[in-house]
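Contents: one structure, followed by commentary.
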Amino acid sequence: MLTLTCPCCGVTAEETEFAPGGEAHLKRFGPGSSDDDFEGYLFARKNPKGVHFERWRHAYGCGKWFLAARDTNTLEVFATYKAQTSEPPADVIAKIKAKRPDWEGYK
Amino acid sequence: MSDAVSALQGETHEGFATVAETGLVGMITIRCDLGSKGLAKALKAEGLPVPDARRIETVEGRSIAWMSPDELLLICAHDEAPALTERLSTALSGEHALVVNVSDARAMFTIRGEKADQVVMKLSPADIATLPTGEIRRSRTAQVAAAFWRSDSDTISLVSFRSVAGYVMGLLEVSAREGSELF
Amino acid sequence: MSTRLSKGGRLIDRAKPLAFTFNGKPMRGFAGDTLASALLGGGQVMVGRSFKYHRPRGIVASGAEEPNALVGLGRNARFEPDQRTTTTELFEGAETTSQNHWPSLEFDIGEINNTFYKFLPAGFYYKTFMAPRAAWKHLFEPVIRKSAGLGGVPKEADPDRYEQVYAHCDVLVVGGGVAGLAAALKEGRAGKRVWLIEQTPNWGGRTPVDGGQIDGHDAQDWIDSALAELSSMENVTMRTRLMAAGLHDHGYVIGYENLADTTPGDGRPRHRLWRIRAGHTITATGAIERPLAFAGNDVPGVMLASAVRDYIVNWAVSPGDRTVIVTNNDDAYRTALAILDAGLTVSAVIDAREETHGALPQAVKARGVRVLEGRGIAKVQGRKHVTGVEICAQAGEGGAVETIACDCVAMSGGWSPVVHLWSHCGGKLTWDDDRAMFRPDAARPPTGADGSAMATVVGAANGDLTLPETMGGLGIGAVSEDEAPLAQVWMMPAGAPDALRFKSFLDYQNDVKVSDVQLAAREGYESVEHTKRYTTLGMATDQGKLSNINGLAVLSNALGQPIPATGTTTFRPPYTPISLGAVTAEAKGELFQPLRRTPMQSWHEAKGAHWEPVGHWRRPYCYPRSGETHRNAVNREISNTRKNVGLLDASTLGKIVVKGPDAGKFLDMLYTNMMSTLPVGKCRYGLMCNENGFLMDDGVVARLSEDTWLCHTTSGGADRIHGWMEDWLQCEWWDWKVYVANLTEQFAQIAVVGPKARDLLERLGGMDVSKETLPFMQWTEGKLGTFDARIFRISFSGELSYEIAVPASQGLALWETLMAEGEALGVMPYGTEALHVMRAEKGFIMIGDETDGTVIPQDLGLNWAISKKKTDYLGKRAQERSHMTDPNRWKLVGLETLDGSVIPDGSHAPAEGFNANGQRKTQGRVTSTYYSPTIGKGIAMGLVLNGPDRMGEEIEFTGESDAMIKVRIVDPVFYDKDGEKQNV
Amino acid sequence: MKRYSIFAVAREALRYHSGWERAWRSPEPKKRYKVIVVGAGGHGLATAYYLGKVHGITDVAVIEKGWLGGGNTGRNTTIIRSNYLQDPSAAIYEKARALYEDLSQDLNYNVMFSPRGLLMLGQTEHEVRGYKRTVHANRLQGIDTEWIGPQQVKDLVPIINIEGPRYPVLGALLQKRGGTARHDAVAWGYARACSAMGMDIIQKCEVTGVRTEGGKVQGISTSKGEIDCEQLAIVVAGHSSVMAEMAGFRLPIESVALQAWVSEPIKPCMDVVVMANTVHGYMSQSDKGEMVIGGGTDGFNNYTQRGSWHHVEETTRALVETFPIISRLKMLRQWGGIVDMTGDRSPILSKTPVEGIFVNCGWGTGGFKAIPGSGFAMAELIARGHSPLTDEFGLDRFKEGRFIDESVAAGVAH
Ligand SMILES: Cc1cc2nc3c(=O)[nH]c(=O)nc-3n(C[C@H](O)[C@H](O)[C@H](O)COP(=O)(O)OP(=O)(O)OC[C@H]3O[C@@H](n4cnc5c(N)ncnc54)[C@H](O)[C@@H]3O)c2cc1C
Ligand SMILES: NC(=O)c1ccc[n+]([C@@H]2O[C@H](COP(=O)([O-])OP(=O)(O)OC[C@H]3O[C@@H](n4cnc5c(N)ncnc54)[C@H](O)[C@@H]3O)[C@@H](O)[C@H]2O)c1
Ligand SMILES: Cc1cc2nc3c(=O)[nH]c(=O)nc-3n(C[C@H](O)[C@H](O)[C@H](O)COP(=O)(O)O)c2cc1C
Ligand SMILES: [Zn+2]
């Protein structure tokens, strides 16, 4: 039963107040995209055992979507940050690097 | 409108705390850039501040609550809400804003008594003990969304959706039942 | 004989006697007793039968670790199986019954299994009962199930209530022994918000029984003053009868509180489930004594040494007149002293160690007790009760050197720290070979949200067994007798032959013996997890609290590897079993799930509506009149609506307002058709697809103003679509200026439907609702009678139809007004089934019927609602994939039987031949099928291969029975094809 | 392999069972095998078994990082049914169910297949229509299911509450020869039979890398060294994405936690398996007497074999509502598994972008019942390059939009 801090309203709450939303930073492919790109967008998931970037919505709170960097194996939450970005911010990356020196970085 | 009724028409239960539906209340949702000057001006004209994050400010019987980074909730008298919605809409017509009357989409409750906190402890995962006066917490009560705040020293106000008012009242009644106080 | 002593008993109140029954026999005990102490005090040594062999069993332990002494408690609706007597407080009138025997505890037919025990070793059932094939299900399985199964079956719904609570703290201390008290004091003094919980009714843990001095005081005095100080601290909350059941991720602890078990029916919640979010958890859960494995170690009267002294000191119960103590350590000598202090007899102490010099053995010897060193028990004599023990050399093979008569055996195989909570979330253990125990490895703790340790362990739970160690770990001085090291003895004698090992129990409840574990090892079930599952070691209701370490020691031995190489099985919550009632709490009956009610719900209720659940709503399916079947009611409602006028409570329909400079652009992305071009004042039907291209919702969109649209969604879709909109606005197009708000509940919505709908509205007065002013697919707002209303001229039935939205607070009033004013016009309410039939008569699709998450709008002939002009909308790219453009996709058509009957729900149309897997090929299926009272026969829609090109063709569909039904492919619009009725 | 029988047990009883041999050997890995199967769960072991039994390929190693059967095969609620809606699913699940009927005899290991009947309750009109649709589909697929009314439900399951009030039972989809089996025994029985055919089951051996050359598989790196192979089958359920990453491709899979729990044992009181999808809960009673209960999945990626507590509450309340008598039973043990959920919630049995590598995964919350059929089909795919049972379950379906979506008729897929 995770706890997360919503970066939009500042509330720290338990998992049941949020709704998970799968992998973050997916790039949308629309009409005109290749079959591979489109399939990748909808289905190919990194699903790593380790550092994962993912979407959450503060469903029972402020209603905002935000992103989290979390270890899927230890459940450690490295950081939560605003959803309006197409890749993890540098400070989040740095934070993870500091805790997981072996991590190969955001790909 | 004499025929307007609230969801539970004031239903009340006495237990180790008193739980009651408050009857009709006016509520207006304002979605807007909360930092905008236009918003501050429009609210100022109504004698209201723009609340800080998670705050609820009460001025002369009306309250204004911060609901999210781009949403406020104004609580007022029920019959005042339509006109107030109009006024604010007009005042904000120059902004990208949405002002809607949601009075009837909600139900409001009070939990009163020295042990009011304990009722909330049974229903919400939020830490009610550390909720300061003047802060509104959006959370859930059992299986439905709710927001609550301390409206005076021994009263907690709680807002839910109207359709689940009966469910929320059921929860409050059971939770406040005599003999089941926690401390 | 076990009996109540005339003096002592620190936990009982002799002034408060309590009466209870065991298998109908009246018995007595005192307030403060557990069921177990009261049973023992009343001389009841045998209390149940084991799982597999139905062997007579007695009480072994004095706490949560008890494997044997489970009873059925209470009766009728308050009957509860598998109740552990050692942790159940005695109460007046308690009715207890022993378990797993027939016809009686004393004489049990099932004991025949015990006679055949040699044929029933671990896993015997995997090797037998295979022939003939049907025999397992019909012959063997029923017999096995009956003879297993343990407790009785409750027969009625549970009349009690339960509740749940959330609590938050900086530090949670679990365990109210001296270690827990000391830890709580330390954290409390530091000003932390502290919770201290203890599963039993009593503070202090083992120490008041074991004795010693803490911080210069007698242990009990120290405990009393610690409790006094803790109670005085505002920031410390203390509770007894509250067990930490599990330590879950991010410091979430499930606590299980026993409130009213001893006062059944008093109206209070019986149990309370605490969900404690702890910044840090300190477990001070103590240690559990281990049994020793020797033949007959399960005969009633063989008990843990610590339990024997607990019964004497805490409850003034003597488990026997003459006790033999058998041990591999010094601590068990405390039991000898307690027995002697109570004036009872220690027949001998049998110590597996060759020499004993410690202070405790010396003290016991000094009191004239025989101590036999280097000895073990070869065998316990007696069947339903211990009558004596055969003594042998521990180093030998069990040749008896002497027999000692006794009626109680107190055994001690050393202690195991209670590491459950530490382990639940991944805390690791390390093997301490000197003390022969797994203890928490502080270097590998369970970690929390921030990656740091979320738990620490103190006291005996940390392996700091003696009082000076326990308290020393917390920085407090303490004194107790020095103890010599134990010997790693798991089995007696060391060279016990098969015949003895087949009677040496490890897991009492599941009847797992030393021989079973050895058999598992021999057969290759080498992993401790395999051994567990093959033998069922540790899988009983005590979860191996007594058996696990002994079992894995025996396994390690058999495999010839050190114990840490074997490791432990996984510790899982709950620590001890918790009632499903507590896990359910208030969420049953009326509060099982939120019931969403429309403003008119009370009216429907009063009219006896038959309900249909729709999400969390409950909508009237129909309004049967007295003597009317549902089917007839639906037909009446339809006919009346088509002839006169009907009212539908449409309040559950989703209503989402979308506003902003980019709102049009946004809606063009969301809907397959164009919404930005909709003129103000008009309505347009729209379709929404997900990114996979599948149709997920539909509804009418109204343009309210230049920058504002109102989107209607299905009842089930309102919240989902609102969330869907927010998702795209926040996460993809965050620079678009659009706000949305879900106004579903703000408005009550009533559909006024039928040829007399306009008459009815005109009777209310106010707004002009004429054909000219308010034509089809437009909306208007103003006063309708006295109501502030917005009226949409839309139709889901094909009739002249208005949907009227008013603020929810006035919904009931409007409904009642319409019913009253409409009486002269023959108004009737209609329910969801009439709604469904009428839309099907018109060939309108229904999300969830014609769609199922695999259907695209193109399948449904809805191409007219898909914009060709737009370069993009959600789902467009997906609809370009090869499978979506396949000409062989099944397409929507109307279907009618040749004889007018109704095609069964779910019917399929077979095609010629079979596929590669031998399945009959298919060419279509029915999606909606009804009796149409309007047309007077069955009508249906379905998806059929090349359907639209096959109009008039007759094909077969599967019927209710094996017979097939002849069906003709027709246009899906069965009623008023030209739309003349809705355009009046 | 010494045969198991009642006579063998009797014979051994006379000598304290000292004569039993190992159920499977524990060999060291050889340098090279024709086929390596990674993952000694039910699916991996069954794949190996049918490779040997049907196709005569016995130069096979099954590599397992932990103890065989310790993945989801060892932690599932053992429900077996084949009343699936879509043809490809119905085919493979029914193949599996049919093989279960004789599996004990085939393996000479009693897997206690108990076709005691399985009910899926219809509690809304919508659900009823969905199940009726399944009954019709099943008829054409050759699967024996039927729709029964509420009173028949009550007769079959006396402890059920059919009255509601919230969701009265309107009827049920019954598969008479659905049921349960002893999950561990399925893994053990296959392992014993594989070992007897000379295959190597190598436990405590973690695959850490996949070696490929020119788009073709060469072998694997493991904690016990390098092992070469011609063909590699990845059958690791929740860890499929991790293995795919080693082999250089991505899968349409997310790993999430699924939980189950058991009550304390009571005497037999429910002789069928009941699934109540509207309220989200299912329950059966094991031969030992515990009520075996399965819950919902977590919504977030999770490799911990633990799940979030609130699912336990949600499911328990659903079942107390459905079976009011269980309120006074106690939860004995709760656990979790890591399930592999695909984009359309149906499994993948497929070739991959790397020649010689096959995947069998994505069984998610419902693959125990499929073990024999999946192993049979997978073996055929590996040995022959094609199987009618796996044709529709290829990876290509996600590109084409050719999904096999079972959620259409039933909410959950156990
Ligand atoms: C709680 C729960 C309840 C369920 N209930 C049901 C049910 O009632 N009915 C039903 O049909 N299904 C059910 N399922 C699903 C079912 O358990 C699975 O679909 C099935 O067991 C999968 O089998 P498998 O052999 O593919 O995977 P597993 O049994 O998980 O085997 C995969 C193996 O691969 C190994 N492995 C992983 N990575 C590596 C590596 N790098 N190197 C070597 N080995 C590796 C793992 O250790 C594991 O042993 C349930 C699942 C769970 C978790
Ligand atoms: N000499 C020995 O060999 C030996 C061995 C073991 C214990 N001891 C003695 O035991 C005492 C140890 O003190 P301690 O405080 O560490 O342990 P303790 O056993 O005295 O206290 C532990 C307490 O934790 C409670 N508890 C356990 N699990 C719980 C849970 N999940 N939820 C709530 N409560 C729970 C128990 O009911 C008990 O009251 C000392 O007196 C020590 O000398 C001695
Ligand atoms: C069908 C089934 C029945 C089970 N019955 C029991 C049981 O009676 N007692 C028990 O302790 N565990 C039981 N378990 C749970 C196992 O002990 C174990 O928790 C589970 O296999 C997961 O493994 P793990 O906890 O070692 O990770 C059962 C598991 C399954 C799948
Ligand atoms: Zn928030």
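Letters go in sequence order (proteins before strands), and every chain restarts at 1.
- If you measure heavy-atom distances from C:Glu691 to chain A, the contacts under 4.5 Å come from both the backbone and the side chain.
- At least one side-chain heavy atom of C:His250 sits under 4.5 Å from a side-chain heavy atom of A:Thr3.
- In this structure C:Met454 satisfies the side-chain contact (heavy atoms from CB on, under 4.5 Å) test together with C:Leu247, C:Cys425, C:Pro446, sequence neighbours excluded.
- The minimum heavy-atom distance between A:Gly63 and C:Gln730, with the atom names listed, is O-NE2, 3.3 Å.
- Only the backbone of A:Thr85 comes within less than 4.5 Å of a heavy atom in chain C; its side chain stays farther off.
- Within residues 272-282 of chain C, the residues having any heavy atom closer than 4.5 Å to a heavy atom of chain A are C:Arg277, listed by residue number.
- The greatest number of non-hydrogen atom pairs below 4.5 Å with chain C, out of A:Gly21, A:Ala24, A:Gly30, is found for A:Gly30.
- Using a 4.5 Å heavy-atom threshold, the side chains of A:Met1 and C:Val253 count as separate.
- By the neighbour-count criterion of 12 heavy atoms within 6.0 Å, atom NZ of C:Lys869 is sparsely surrounded, having that number or fewer from other residues, nucleotides or ligands.
- Using non-hydrogen atoms only and a strict 4.5 Å limit, the part of residues 40-55 of chain A facing chain C consists of A:Tyr41, A:Leu42, A:Phe43, A:Arg55.
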Worksheet entry | Derivation and outcome, salt bridge (Lys or Arg N to Asp or Glu O under 4.0 Å), residues A:Asp37 and C:Arg877 | CA-CA 11 Å; A:Asp37 282 345; C:Arg877 172 64 183 84; over 6 Å; no
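- Rounded to the nearest 0.5 angstrom, C:Cys731 SG and A:Gln84 CD are separated by 7.0 Å.
- Heavy-atom neighbours of C:Lys870 NZ from other residues, nucleotides or ligands within 6.0 Å: above the threshold of 12.
- At a 4.5 Å heavy-atom cutoff, C:Asp735 makes no contact with chain A through either its backbone or its side chain.
- Heavy-atom distances place the side chain of C:Tyr166, and not its backbone, under 4.5 Å from chain A.
- Sparse packing is recorded around NZ of A:Lys95, with 12 or fewer heavy atoms of other residues, nucleotides or ligands lying under 6.0 Å away.
- Taking the side chain as every heavy atom from C-beta outward, A:Arg28 and C:Asp872 approach each other to under 4.5 Å.
- Looking at heavy atoms from C-beta onward, A:Glu14 lies in side-chain contact with C:Tyr252 at the 4.5 angstrom threshold.
- Comparing C:Gly875, C:Ala878, C:Ser452, C:Gly448 by how many heavy-atom pairs each has under 4.5 Å with chain A, the most go to C:Ala878.
- Taking non-hydrogen atoms and a 4.5 Å limit, the residue list of residues 99-107 of chain A in contact with chain C, ordered by number, reads A:Lys99.
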Worksheet item: Is there a side chain to side chain contact (heavy atoms under 4.5 Å, CB included) between A:Arg57 and C:Glu726 once you walk through the steps?
Response: CA-CA 10 Å; A:Arg57 184 179 184 212; C:Glu726 284 289 353; 3.9 Å; yes
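- Nearest heavy atom pair, residue A:Thr74 against residue C:Thr447, reads O-OG1, 4.4 Å.
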